[in-house]
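For reference, the structure discussed in these notes is given below.
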Amino acid sequence: RSAGRRHASASRFAELLSELTPPDSLSVDWWHEGLTALRDGAWHEEAERLFKTALATLPRVGWVHSWQLPRDVDSRALSGASPFHEVDQFEVSQILQTHAAELSSQFDTLLARPDWDSLFEVSEHEAGGNVAAG
């Protein structure tokens, strides 16, 4: 039922979008709600079209991409930002890398033990109910 409502919302918004000549006074929230309706309805091409119109209409907002909610992002933090840090920036990663050969050797020894399978207990829930099936 929910998927049908999302599709209907996206469909209606797409119809409105085809006739859209938005005024400059529309709020960022209006654009965001439209993008949300289109994304939720999996109308991604229409969302990108709306996004381009939003950029032209509200250049002051500084939207970076159509999945972003502008009011929740401080654009000052985006300059040169990366979503992931380099692995070698972390002490734990450095320690593991330094001892990688030794750790690998120890794991191979453990893996070769005849009782390897008995070292772990797996509940039926963790195995997805497939314990009995083998």
Side-chain angles (χ1 to χ4, degrees):
R1 182 183 282 184
S2 176
R5 284 194 301 260
R6 284 195 305 261
H7 181 75
S9 294
S11 176
R12 180 65 183 127
F13 202 88
E15 288 172 22
L16 294 172
L17 179 60
S18 67
E19 304 166 11
L20 183 68
T21 39
D24 290 337
S25 62
L26 288 177
S27 73
V28 171
D29 290 334
W30 186 90
W31 295 101
H32 178 255
E33 291 304 320
L35 285 169
T36 300
L38 293 170
R39 291 288 186 201
D40 285 351
W43 292 56
H44 302 297
E45 290 178 18
E46 287 81 0
E48 288 305 317
R49 270 197 353 227
L50 179 65
F51 176 64
K52 289 176 184 170
T53 306
L55 287 177
T57 305
L58 300 171
R60 62 180 165 69
V61 173
W63 244 323
V64 177
H65 58 81
S66 63
W67 291 91
Q68 171 196 354
L69 178 54
R71 68 174 177 257
D72 293 344
V73 175
D74 184 348
S75 61
R76 296 171 297 177
L78 297 176
S79 179
S82 167
F84 303 103
H85 296 287
E86 295 296 324
V87 173
D88 58 2
Q89 293 178 335
F90 299 99
E91 185 179 359
V92 171
S93 300
Q94 294 168 0
I95 292 169
L96 288 171
Q97 193 61 42
T98 300
H99 299 285
E102 179 185 353
L103 291 168
S104 181
S105 173
Q106 288 177 6
F107 183 74
D108 288 343
T109 301
L110 183 64
L111 189 59
R113 287 177 45 172
D115 63 340
W116 164 255
D117 288 334
S118 67
L119 296 175
F120 306 95
E121 289 184 23
V122 178
S123 73
E124 196 168 328
H125 172 75
E126 291 169 333
N130 294 323
V131 172

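What you see is a predicted model; the values in this text were computed from it and never measured.
Note that the OG1 atom of T53 and the CD atom of E48 stand 11.0 Å from one another [nearest 0.5 Å]. Interatomic distance, L96 CG to E102 CD, rounded to the nearest 0.5 Å: 11.5 Å. For the atom pair CZ (R39) and CD (E46), the distance works out to 10.0 Å, reported to the nearest 0.5 Å.
No donor-acceptor pair closer than 3.5 Å links the side chain of S105 to the backbone N or O of A101.
Grouping the Ile, Leu, Val, Met, Phe, Trp and Tyr side chains by contacts below 4.5 angstrom, directly or via other members, places I95 apart from L103.
The number of heavy atoms from other shown groups lying within 6.0 Å of CD (Q94) is above 12.
Counting heavy atoms from C-beta outward, Q106 and T109 have side chains that stay 4.5 Å or more apart.
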Carefully, step by step, assess H32 and T36 under the rule side-chain contact (heavy atoms from CB on, under 4.5 Å). CA-CA 6 Å; H32 178 255; T36 300; 3.3 Å; yes
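The side-chain contact (heavy atoms from CB on, under 4.5 Å) test with W43 singles out one residue from L38, L35, L50, and that residue is L38.
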